[in-house]
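Both ligands and their constituent atoms are indexed starting at 1 by order of listing. Keep in mind the model is a prediction, meaning the values are calculated, not measured. The first residue in the sequence is number 1, and the count goes up from there.
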Amino acid sequence: MSPHALPEALRQQLTCWRRHLHQHPEISFQEHQTAAFLRAELEGMPGLEVSQPTPTSVLAVLHGEAGPGRTVLLRADIDALPIEEENTFEFRSQNAGAMHACGHDGHAAILLGAAQLLSAARAELTGEVRFIFQHAEETPPGGAEELVFQTPLMDGVDVSLGLHLLSFYPAGVVAVRPGMFMASPDSFQLTIRGRGGHGGMPEQAVDPVAIGAQVVTNLQHVVSRAVSPFEPLVVSVTQFHAGTADNIIPDTARLAATVRVFSPELRGRAPQLLERVVAGICAAHGAEYEFEYLHAYRPVVNTDWVAEEVRQLAAEVVGEDRVIQADMWAAGEDFSAYLEKSEGCFFAVGSGSPEADSQWPHHHPRFTLDESALETGVQMMVAAARHFTRSR
Ligand SMILES: [Zn+2]
Ligand SMILES: [Zn+2]
């Protein structure tokens with residue numbers, strides 16, 4: 001039997017925890033019942049100091065009893081989404097309009113399982129493990145921002161680790177990527193102010209629709225000509241609102257876009273590169289504009305040596321042939337906040353399988369998990385906590 005195998009009782013417990021959480025989802029910043037449930041479970045485990053750094057997050061601290069070592073933070077996010085669940089299984093959401101459609105129910109169950117195993121084995125553990133059950137990952141500014149920058153959570157943390165269950169990787173697979181992994185989901189709002197008039201006499205107006213159309217196409221020039229082809233940048237204009245009738249040129253057009261970038265350096269330059277195009281086109285055609293850039297989560301950039309050691313641990317846990325290099329993923333994650341204050345790695349555990357009908361995309365009303373992935377998640381978190389708490 002693998003040294004990483006879990007006791008049967010814990011495997012069943014993981015499913016119970018996950019199904020309870022799945023049945024009682026709460027959206028970002030409203031995770032009161034969720035936090036109370038997690039807190040009660042953690043308080044039943046010996047050796048954990050349990051507290052609530054914010055009203056809807058829970059922290060458990062475990063001091064190893066086998067001597068000094070490093071401090072490792074393990075993070076799970078716990079919030080649900082404002083989605084009406086379409087699954088019909090018994091443990092579907094009981095809260096109308098809320099659903100665990102991203103797998104955070106699984107993340108919380110996994111971290112409970114890791115806390116239970118490590119607290120029982122604290123006599124052989126060195127250093128310190130902090131288990132943070134983080135609220136509000138789905139809604140910027142996000143719970144991590146508050147925990148990392150406004151509480152002492154990260155004081156003395158050497159390595160931070162987090163995982164995401166991903167339905168587009170098969171259950172049983174662990175996917176790790178050194179360096180750039182996930183994008184920053186920044187955005188901008190743009191108002192183009194022209195001068196309205198008669199649709200038949202455009203020479204008397206400044207047409208914000210025609211100008212906006214040029215802005216939309218020219219923004220792609222930044223992607224293709226101003227940025228290296230080896231540096232991913234996504235600019236998607238996702239809103240364009242203007243006008244009221246077919247014979248009226250409107251005064252204004254309102255546009256909004258998402259801007260995804262993986263490199264912190266390019267992220268710094270992107271607002272100026274994009275605004276320069278907007279300013280040039282508006283000036284060329286006599287319009288004014290307002291450009292508001294919104295910085296959301298930082299990109300997730302893993303520490304190379306931590307990612308390499310997580311990859312080696314994964315090979316021990318699931319076998320070399322089930323460890324893959326994760327693709328870069330243009331979603332955002334506020335795990336990046338922890339990486340501002342410590343080294344660390346965010347990695348993926350596959351949760352998709354045809355048997356469990358769990359290959360639906362994240363944030364879909366039919367999303368669910370292959371629950372065997374919970375076991376893999378616990379094995380990874382426990383192996384990583386033991387490994388990274390050892391003094392180097
Ligand atoms: Zn999500
Ligand atoms: Zn998520």
Side-chain angles (χ1 to χ4, degrees), residues 17-18 21-22 25-31 34-35 38 56-57 74-87 93 95 97-112 132-148 160-169 171 173-177 181-187 234 258 260 296-300 302 326-339 344-352 358-371 373-374 376-377 380-381:
W17 281 327
R18 181 259 163 164
L21 291 163
H22 191 87
E26 293 173 301
I27 62 170
S28 305
F29 297 104
Q30 297 177 22
E31 309 90 335
T34 306
L38 296 169
T56 58
S57 63
L74 304 181
R75 175 270 207 167
D77 43 8
I78 64 171
D79 56 328
L81 286 154
I83 294 176
E84 192 69 42
E85 180 156 13
E86 288 178 11
N87 287 314
S93 169
N95 299 349
M99 175 188 176
H100 272 294
C102 200
H104 301 185
D105 48 344
H107 302 168
I110 286 169
L111 202 56
L112 282 177
I132 182 68
F133 296 81
Q134 179 211 308
H135 59 307
E137 186 281 325
E138 296 284 5
T139 310
E145 191 73 15
E146 202 177 357
L147 289 168
V148 169
S160 298
L161 298 155
L163 66 76
H164 210 298
L165 296 165
L166 289 185
S167 64
F168 51 83
Y169 292 127
V173 158
V174 176
V176 191
R177 186 178 188 94
F181 177 33
M182 294 180 68
S184 56
D186 297 337
S187 62
V234 181
T258 186
R260 308 265 161 156
Y297 302 156
R298 298 162 190 80
V300 175
N302 288 329
D327 292 326
M328 286 166 86
W329 183 26
E333 240 293 346
D334 70 352
F335 186 80
S336 51
Y338 302 92
L339 297 175
C345 177
F346 191 65
F347 60 98
V349 172
S351 66
S358 61
Q359 291 170 310
W360 295 92
H362 290 252
H363 297 199
H364 189 281
R366 295 283 310 276
F367 182 86
T368 188
L369 303 172
D370 182 323
E371 289 173 332
L374 303 176
T376 310
M380 282 303 301
M381 283 303 206

* **His22 and His104: CA distance, side-chain angles, deciding distance, ring-ring contact (aromatic ring centres under 6.0 Å, His included) verdict** => CA-CA 9 Å; His22 191 87; His104 301 185; over 10 Å; no
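The Zn ion (ligand 1) has an N, O or S atom of Glu138 under 2.8 Å away, backbone or side chain. Residue contact annotation: His362 places no N/O/S atom under 2.8 Å from the Zn ion (ligand 2). At least one N, O or S atom of Cys102, from either the backbone or the side chain, sits less than 2.8 Å from the Zn ion (ligand 1). Within the coordination shell of the Zn ion (ligand 2), defined by N, O or S atoms under 2.8 Å, His164 is present.
Of the charged side-chain nitrogens involved, none lies within less than 4.0 Å of a carboxylate oxygen, so that Arg75 and Glu137 do not count as a salt-bridged pair.
Defined by atom type and a distance below 3.5 Å, a donor-acceptor pair is present between the side-chain atoms of Asp79 and Ser28. Looking at Glu26 and His135, their side chains never bring a donor and an acceptor atom within 3.5 Å of each other.
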